[in-house]
Amino acid sequence: MVTFGDRLRQLRIEQEMTQEELANIFGLHKTRISQYELNKRQADDELKKKFADFFNVSIDYLIGKSDIKESAEDILKDKNITIGLHNTNGIDDTLPAEAKKEIENFIDYVKQKYSNK
């Protein structure tokens with residue numbers, strides 16, 4: 001299973017940044033970034049949000065819960081993204097089970113997010 005530390009390291013490397021550079025941006029010491037990447041320490045929720053915003057990824061992606069980098073807001077704003085609607089539950093039957101589950105989770109997330117407004 002992918003962890004927060006794994007994702008943080010991957011995103012940092014994709015941006016061609018050192019641990020020290022990333023730490024400086026967030027006012028941390030580079031050993032703190034190292035501890036996060038080695039899963040020896042966990043960032044608090046507020047810092048995870050800041051990392052997600054900085055790398056322009058969803059929190060779920062950052063913590064390893066999803067492989068979808070984009071936030072729900074970004075996905076909903078993108079008019080080029082569609083979800084196949086081929087059966088009564090609105091999910092394309094030709095998709096693999098894992099993909100169907102991700103779509104169901106995403107639909108639940110969006111419903112929950114906007115039911116409080």
Side-chain angles (χ1 to χ4, degrees):
M1 179 177 174
V2 178
T3 66
F4 163 70
D6 298 331
R7 286 281 164 82
L8 184 63
R9 182 176 192 282
Q10 171 195 348
L11 291 165
R12 177 182 60 77
I13 290 170
E14 285 175 5
Q15 294 295 315
E16 299 179 352
M17 298 177 74
T18 65
Q19 289 178 342
E20 188 168 12
E21 289 169 331
L22 182 60
N24 288 339
I25 290 169
F26 290 94
L28 303 170
H29 194 274
K30 74 175 187 174
T31 57
R32 177 76 59 96
I33 300 298
S34 175
Q35 290 171 336
Y36 292 153
E37 290 182 1
L38 295 171
N39 297 302
K40 292 184 177 185
R41 185 176 189 151
Q42 280 293 313
D44 63 35
D45 291 346
E46 199 57 40
L47 186 54
K48 286 178 184 174
K49 288 178 192 176
K50 290 177 183 178
F51 282 136
D53 287 343
F54 178 78
F55 289 113
N56 197 31
V57 297
S58 69
I59 292 285
D60 283 349
Y61 179 81
L62 182 63
I63 65 172
K65 184 177 177 186
S66 172
D67 289 333
I68 300 171
K69 282 187 174 184
E70 297 82 8
S71 67
E73 292 84 8
D74 289 345
I75 291 171
L76 292 173
K77 287 177 191 175
D78 187 344
K79 303 297 184 202
N80 294 318
I81 296 177
T82 59
I83 298 174
L85 303 175
H86 295 291
N87 64 21
T88 56
N89 70 356
I91 300 173
D92 187 337
D93 282 331
T94 63
L95 293 171
E98 183 179 347
K100 290 179 189 177
K101 185 65 180 163
E102 282 196 50
I103 292 170
E104 289 169 359
N105 289 342
F106 177 72
I107 291 169
D108 289 343
Y109 165 77
V110 172
K111 284 180 182 177
Q112 182 178 9
K113 178 176 179 171
Y114 291 99
S115 68
N116 296 328
K117 292 190 176 189

Transitive ILVMFWY cluster of M1, excluding itself - 4.5 Å side-chain cut-off: none

Remaining members of hydrophobic cluster (4.5 Å side-chain criterion), I63: I59

Spacing of F106 atom CZ and S58 atom OG [to the nearest 0.5 Å]: 10.0 Å

Atom pair CD/CD1 of E104 and I107 - distance to nearest 0.5 Å: 7.0 Å

Residue pair L22, L8: steps toward the side chain to side chain contact (heavy atoms under 4.5 Å, CB included) verdict: CA-CA 10 Å; L22 182 60; L8 184 63; 4.0 Å; yes

Could you pull out all donor-acceptor pairs under 3.5 Å where a side-chain atom in residues 23-36 meets a protein atom, sequence neighbours excluded?
{"residue": "N24", "atom": "ND2", "partner": "E20", "partner atom": "O", "Å": "3.3"}
{"residue": "H29", "atom": "ND1", "partner": "T31", "partner atom": "N", "Å": "3.1"}
{"residue": "H29", "atom": "ND1", "partner": "T31", "partner atom": "OG1", "Å": "3.1"}

Side-chain donor or acceptor of D6 paired with backbone N/O of T3 under 3.5 Å: yes

Backbone of S66 reached by a side-chain donor or acceptor of D60 within 3.5 Å: no

Starting from [Y], can I reach [X] by hopping between I/L/V/M/F/W/Y residues whose side chains sit under 4.5 Å apart?
X	Y	value
I13	L62	no
V2	F51	no
V57	F54	yes

Residues in side-chain contact (heavy atoms from CB on, under 4.5 Å) contact with E46, at least two apart in sequence or another chain: D44, K49, K50

Set of residues satisfying side chain to side chain donor-acceptor pair (under 3.5 Å) with respect to E14, sequence neighbours excluded: Q10, K69

Listed partners of R9 passing side chain to side chain donor-acceptor pair (under 3.5 Å), at least two apart: none

K48 NZ: over 12 foreign heavy atoms closer than 6.0 Å: yes

Side-chain heavy atoms of E37 within contact of R12, under 4.5 Å: yes

Note, Y61 side chain near I68 side chain (heavy atom, < 4.5 Å): no

